[in-house]
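Take a look at the structure below.
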Amino acid sequence: TGGHTTEILRLLSCLSESYSPRHYIFADSDKMSEAKIRSFEQKRAETFSNSQFTLDRIPRSREVRQSWTSSVITTLYSILYSLPLTYRLKPDLILCNGPGTCVPVCISALLLGLLGIKRAIIVYVESICRVETLSLSGKILYYFSDYFIVQWPDLKEKYPKSVYLGRIV
Amino acid sequence: FRFKDSLAEDLQAADLVISHAGAGSCLETLEKGKPLIVVINEKLMNNHQLELAKRLHRGGHLLYCSCSTLVETLQSMDLSTLKPFPPGQPEKFALFLDKVVGFQ
């Protein structure tokens with residue numbers, strides 16, 4: 001969604017072309033991200049001629065302030081939906097930054113890893129907006145990601161296993 | 001103004017921006033080097049959105065006030081005390097990631 005997409009595209013801006021093909025996954029209810037992504041990739045294609053990317057939508061796992069019990073159900077549904085997608089893409093690296101959408105994808109990837117099908121490196125970057133507290137996705141993925149990056153020193157203190165690189169977006 | 005796609009042009013032309021505490025608004029404005037006053041909705045005090053505005057205020061990058069104190073703030077403000085907000089460095093992220101995946 002909105003801010004998350006802008007942040008993640010900034011994170012991608014300095015990555016070399018070795019990070020290819022890029023598979024973008026976002027919520028079906030998201031109307032604006034597709035345009036931002038295409039615009040980013042179009043600019044990128046001006047410099048790197050073999051640029052490859054795909055776009056996939058998954059059901060949104062949770063609306064803002066959705067109740068706990070219904071969130072569990074919608075998240076489970078999103079996980080079931082993402083499992084075949086993640087299996088098909090078999091990513092080497094998953095980069096995510098906080099929308100609820102990332103949780104089912106990461107969980108699918110963890111399952112694929114546990115089943116010995118494909119082990120992906122999961123890198124989570126918490127949003128620049130999170131100065132003192134983690135988002136819900138962050139709280140969950142802090143334990144399940146391989147690298148958890150925060151952008152403010154307070155969070156590094158509270159979550160010692162995290163990585164602090166300063167502001168990166 | 002309601003649903004303009006981008007306020008970038010307007011921001012570029014402005015001398016002062018008065019905004020709500022949304023992160024996108026704060027960051028976009030500060031990145032363009034414009035002075036910013038953030039107006040906080042007292043009824044939403046526990047919203048995590050305030051975290052960023054408060055931190056930026058502590059860092060001297062913006063002024064903040066409530067609806068009721070806005071006029072007073074505008075009258076007494078000294079924008080020269082505001083500190084510039086340096087841009088983020090995605091290159092650091094790229095370097096880190098290259099090490100992580102072994103692309104050194």
Walk me through whether B:Glu51 and A:Arg130 qualify under side chain to side chain contact (heavy atoms under 4.5 Å, CB included).
CA-CA 7 Å; B:Glu51 277 178 35; A:Arg130 291 304 196 157; 4.1 Å; yes
Other residues, nucleotides, ligands: >12 heavy atoms within 6.0 Å of B:Asp78 CG
yes
Report the C-alpha distance between B:Asp98 and A:Tyr19 in whole Å, list the side-chain angles of each, state the deciding distance to 0.1 Å, and finish with yes or no for side chain to side chain contact (heavy atoms under 4.5 Å, CB included).
CA-CA 9 Å; B:Asp98 283 348; A:Tyr19 295 90; 2.6 Å; yes
Structural part of A:Ile128 lying under 4.5 Å from a heavy atom of chain B
both
In this structure, are over 12 heavy atoms from other groups packed under 6.0 Å from A:Lys43 atom NZ?
no
Okay, A:Leu93 and chain B: the region with an atom under 4.5 Å from a heavy atom over there is side chain
If you count every heavy atom of other residues, nucleotides or ligands that lies below 6.0 Å from B:Lys83 atom NZ, does the total exceed 12?
no
Given heavy-atom pairs under 4.5 angstrom as the criterion, report whether the side chain, backbone, both or neither of A:Val123 touches chain B.
side chain
A:Tyr164 atom OH: more than 12 heavy-atom contacts under 6.0 Å
yes
Yes or no on side chain to side chain contact (heavy atoms under 4.5 Å, CB included) for B:Phe96 and A:Ile168, after CA distance, side-chain angles and deciding distance?
CA-CA 11 Å; B:Phe96 172 79; A:Ile168 49 179; over 6 Å; no
For the student: nearest non-hydrogen atoms of B:Phe93 and A:Leu11, plus distance
CD2-O, 3.5 Å
Less than 4.5 Å to any heavy atom of chain A: does that hold for the side chain of B:Leu27, its backbone, both, or neither?
side chain
Taking the side chain as everything from C-beta on, heavy atoms only, tell me whether A:Arg167 gets closer than 4.5 Å to B:Pro86.
yes
Please classify the contact of A:Ser13 with chain B as side chain, backbone, both or neither, using a heavy-atom distance under 4.5 Å.
side chain
Side chain proximity check, B:Arg55 to A:Glu132, heavy atoms < 4.5 angstrom:
yes
I'd like to know if A:Arg10 pairs up with B:Glu31 as an ion pair, taking the criterion as any Lys NZ or Arg NE/NH1/NH2 lying under 4.0 Å from an Asp or Glu carboxylate oxygen.
yes
Taking the side chain as every heavy atom from C-beta outward, state whether A:Tyr147 and B:Leu97 have any pair of such atoms under 4.5 Å apart.
no
Crowded around A:Phe53 CZ? As in, over 12 foreign heavy atoms under 6.0 Å?
yes
For B:Val101 and A:Asp92: C-alpha separation, side-chain torsions, deciding distance, then whether side chain to side chain contact (heavy atoms under 4.5 Å, CB included) applies.
CA-CA 9 Å; B:Val101 303; A:Asp92 299 301; over 6 Å; no
What part of A:Asp146 is in contact with chain B, defined as an atom under 4.5 angstrom from a non-hydrogen atom: side chain, backbone, both or neither?
neither
